[in-house]
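Beneath this line is the structure, given in structure tokens, with notes to follow.
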Number of protein chains: 2
Amino acid sequence: MEQDSKKNIQDYEIDQCDFICVHENVVSQVLKVMPQDQELLDLADFFKVFGDATRIKILYVLSQSEMCVCDIANLLKMGQSAISHQLRVLKQMRLVKFRREGKTVFYSLADGHIESILAQGMEHINE
Amino acid sequence: MEQDSKKNIQDYEIDQCDFICVHENVVSQVLKVMPQDQELLDLADFFKVFGDATRIKILYVLSQSEMCVCDIANLLKMGQSAISHQLRVLKQMRLVKFRREGKTVFYSLADGHIESILAQGMEHINE
DNA sequence: TTATTATATGAATAAGTGTTCATATGTTTA
DNA sequence: TAAACATATGAACACTTATTCATATAATAA
């Protein structure tokens, strides 16, 4: 009996640690409720967009006002190309929207989520 | 008069765009309310921690239950060292806390903010 | 003490990312 | 039409970062 039980436990265990130190009950319970791998990858990609100072600054200034590329570049004291590249990233992740007016393109935040997430982040770091 | 005005405008403008395309009123207004540069850098660093699939997964499993390093490694099918390295990052950003029990170290989420931010991210990507 | 186990960490490597430069696209004005 | 302007984009380079490997540290058991 003792031996059978041990055998089964080892069958479940993956060889990730060199030795057996797994709390089976916890692991199997959490495995059940784990979202699909792809969803967590998407979530990481979403937050990755916030994880860059330039993009954070862009999002912040856009939370104050709609703005064209050149305005943003001037505000952040950065090149137009750098800003344009980052706006593309923000666009792809649907964090900003834009409208064209002649030669100028005005960008703005896509929705209220963005400001809300920024605010929560601020709360955390100011604790 | 006309000339003086133009001169002043150029004084304000930074040479970020090749040509003058700045909306001065917007730019100067937003400049007033911009947080300190360091605060936005910290905010980016904070979100950077969420911008990695491994760390997102760790945060997710810890949102379900306190867990030891080996448990996490098994759940994510990754090496113990990789998990340990990432837990250090999470620890430094005060996203997880830990308690020692003999040889084992149990990690858990530092506070409720974390789950809240994860949930908001999920909302956005599931739209 | 020594052996075993759980975790931590430094170094190395591979993969990813942000900016710059040059240039292309698209719009307006002359 | 050509010239000027605002933005977009591909390529290159420097920089960052995640994982692995080997090893160190720390706690327990023999």
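Chain letters run A, B, ... following the sequence lines, proteins first, then strands; residues in each count from 1.
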Is it true that Cys21(A) and Cys70(B) have SG atoms closer together than 2.5 Å?
yes
Whether His124(A) and Phe46(B) hold their rings parallel, tilted or perpendicular, with breakpoints at 30° and 60°:
parallel
Taking the side chain of Cys21(A) as heavy atoms from C-beta outward, which of dT19(D), dT7(C), dT9(D) is closest to it?
dT7(C)
Close side-chain approach of Ile72(B) and Leu62(B), heavy atoms under 4.5 Å
yes
Does any donor atom in the side chain of Ser116(B) or Gln120(A) lie under 3.5 Å from an acceptor atom in the other side chain?
yes
Between C1' on dA18(D) and CZ on Arg88(B), what's the gap in Å once rounded to a whole number?
12 Å
Counting only side-chain N and O atoms of Gln80(B), is one of them less than 4.0 Å from OP1 or OP2 of dT5(C)?
no
So, does Tyr107(B) get its side chain near the phosphate of dA6(C), meaning an N or O under 4.0 Å from OP1 or OP2?
no
Atom CZ of Phe47(B) and atom C1' of dT17(D) are separated, to the nearest Å, by 20 Å
Side chain of Val69(A), heavy atoms from C-beta onward: which of dT19(C), dA8(C), dT7(D) has the nearest atom to it?
dT7(D)
Does a side-chain N or O from Thr54(A) land closer than 4.0 Å to OP1 or OP2 of dT19(C), or not?
yes
Closest of dT7(D), dT9(C), dT19(D) to the Cys70(A) side chain is dT7(D)
When you measure from every atom of DNA chain C, which of residues 92-104 of chain A have a heavy atom less than 4.0 Å away?
Arg100(A), Gly102(A), Lys103(A)
Please determine, for the side chain of Ser81(B), which listed nucleotide (dC21(D), dT7(C), dT7(D)) has the closest atom?
dC21(D)
Is any side-chain heavy atom of Arg55(B) closer than 4.5 Å to a side-chain heavy atom of Phe47(A)?
no
Salt-bridge present (Arg94(A), Asp111(A); N to O < 4.0 Å):
no
Pair of N/O donor and acceptor under 3.5 Å linking dT20(D) base with His85(B) side chain
yes
